[in-house]
> 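Starting off with a structure, shown below.
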Number of protein chains: 2
Amino acid sequence: MVRLPVYQRILAELLRSGTDTVPSEQLAVLARVTAAKVRKDLSYLGTLGTRGTGYEAAVVVEEIDRALGLDQEWPMAIVGLGNLGHALANSGGFASHGFKLVALFDVDPKVVGSRVADLPVRHVEELASVSREERLTIGVITTPASSAQGVADLLVRCGVCSILNFAPRVLAVPQDVLLRYVDLSIELQVMSFYQSRRLLRSSRRPHALPALRSISLPGQDIS
Amino acid sequence: MVRLPVYQRILAELLRSGTDTVPSEQLAVLARVTAAKVRKDLSYLGTLGTRGTGYEAAVVVEEIDRALGLDQEWPMAIVGLGNLGHALANSGGFASHGFKLVALFDVDPKVVGSRVADLPVRHVEELASVSREERLTIGVITTPASSAQGVADLLVRCGVCSILNFAPRVLAVPQDVLLRYVDLSIELQVMSFYQSRRLLRSSRRPHALPALRSISLPGQDIS
DNA sequence: CGATGTGAAATGCTTCACAGCA
DNA sequence: TGCTGTGAAGCATTTCACATCG
């Protein structure tokens with residue numbers, strides 16, 4: 001289920017803030033879904049809640065971890081160390097348990113050989129051998145669009161079965177390779193779509209005093 | 001529909017490569033969906049195709065543009081000019097028609113006052129006034145997680161009705177504000193989820209010779 | 001008594017199959 | 001003849017409502 005990671009993050013933040021038990025109603029508000037949806041989602045993972053009380057955050061987090069396969073390690077590699085690749089490698093966003101950045105690749109001789117985020121930047125030619133040694137399962141593409149398909153082909157040949165593509169390019173991969181896009185312009189266009197539909201119904205003006213309920217806790221940085 | 005931007009990008013690439021008419025079958029292969037889905041999706045936009053021939057790419061692109069609201073300008077601002085904010089501002093990923101980056105904000109005195117991507121970096125205090133002048137509709141949050149909610153609140157108060165959040169934090173906004181996450185760890189977790197499910201069924205080994213059909217055209221860079 | 005877990009109804013999305021048009 | 005457009009069937013997800021349990 002695509003919502004589990006969201007619940008997971010919310011629960012982790014709640015735990016850090018000292019809340020250890022939470023009813024579906026509250027979780028629903030925070031995740032911006034309905035309470036029924038939360039209950040049904042969580043019920044697929046087993047009987048996690050306590051009637052009359054709610055869910056114990058720690059228990060649910062652990063159970064979601066298992067369901068998401070985060071109880072095992074996924075070795076990852078980043079291909080393409082331009083600005084974005086650099087930013088991601090250093091972001092620590094991978095450091096969350098379950099994922100481990102084990103290799104970096106590029107072709108630019110100015111970058112190959114340098115160290116980024118405590119890892120050497122290797123030439124893509126080494127991808128095959130490194131993939132075998134490290135048993136890479138996830139490849140992150142942060143190359144220019146023009147190289148993205150070539151890199152994807154290479155990753156697939158090396159047995160990498162999950163690809164995260166940041167390049168603004170639609171990629172072709174075999175059916176059994178999992179491909180996901182993290183794509184600025186696609187997101188923007190989706191926003192534009194919903195927004196223009198909504199504008200037809202009601203013309204919005206600035207919120208005078210939005211009633212916001214926020215979780216205010218420090219988290220890890222990405223920038 | 002969330003697939004329209006994908007069709008759009010593919011069609012644009014086909015156009016650049018000189019193909020101007022395409023049957024649903026081919027579009028389906030490139031977008032990794034079924035032909036029936038393509039036809040139904042496009043049929044919602046009107047009667048665009050020619051029976052016996054296929055779709056004329058230029059016509060469909062234009063029609064999708066209209067449906068997505070890309071025939072109007074959406075003024076955007078980026079808040080938070082760390083590595084990621086910088087990379088995005090310079091990426092040109094916004095330059096695609098429909099979106100216009102009009103302002104940059106930060107609080108760090110080392111950054112405020114400098115110029116990035118031909119725009120001055122302003123202090124967030126100015127957000128309200130700039131928002132009025134420029135009629136901001138989209139806000140991009142690339143701050144550390146700890147500041148993200150505060151920035152979101154501010155954007156909402158200033159009448160920004162679409163927020164794109166890159167910070168690893170679940171945000172609370174009013175119902176009528178459109179909020180989307182571009183989130184590394186959520187994507188990774190979703191991949192992990194599908195991947196671990198799949199591993200149960202079949203244990204994969206590297207592809208010997210993947211039969212790949214790729215669109216090979218230059219596109220814009222993001223890195 | 002309060003909140004979960006869950007059948008059953010409602011809704012939405014996808015696939016199928018084929019009529020209809022170029 | 002080839003491919004689109006589309007009702008109808010099939011499937012999945014969401015909502016509802018309430019029995020059930022701590």
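Computed from a predicted structure; not experimentally measured. Reminder, nothing fancy here: chain letters follow the sequence lines and each chain counts from 1.
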> Quick check for you: name the first and last nucleotides of DNA chain C, 5' to 3', having an atom under 4.0 Å from a heavy atom of chain B.
C/dT14 to C/dA22

> We want to know whether B/E56 and B/T21 form a side-chain donor-acceptor pair, criterion being a heavy-atom distance below 3.5 angstrom.
no

> My understanding is that only residues two or more places apart in sequence, or in another chain, count here; which of them pass side-chain contact (heavy atoms from CB on, under 4.5 Å) with B/T137?
B/W74, B/P75

> Can you name the side-chain contact (heavy atoms from CB on, under 4.5 Å) partners of B/S24, sequence neighbours left out?
B/A35, B/V38, B/R39, B/Y55

> Got a sec, which residues hit salt bridge (charged side-chain N to carboxylate O under 4.0 Å, His left out) with A/D65, two or more places apart in sequence or on another chain?
none

> Just how far, in rounded Å, is P of D/dG10 from NZ of B/K37?
19 Å

> Would you please name every residue forming a salt bridge (charged side-chain N to carboxylate O under 4.0 Å, His left out) with A/R51, sequence neighbours left out?
none

> List the protein contact pattern of nucleotides 1-8 of chain D with one symbol per nucleotide (5' to 3'): B for base contact, S for sugar-phosphate-only contact, - for none; contact means a heavy-atom distance under 4.0 Å.
-BBBBBBB

> Looking at residues at least two apart in the chain, or sitting in another chain, which of them share a side-chain contact (heavy atoms from CB on, under 4.5 Å) with A/A57?
A/L11, A/L15

> Among all residues two or more places apart in sequence or in another chain, which pass the salt bridge (charged side-chain N to carboxylate O under 4.0 Å, His left out) test with B/R135?
none

> Partners of A/E187 by salt bridge (charged side-chain N to carboxylate O under 4.0 Å, His left out), sequence neighbours excluded?
B/R180

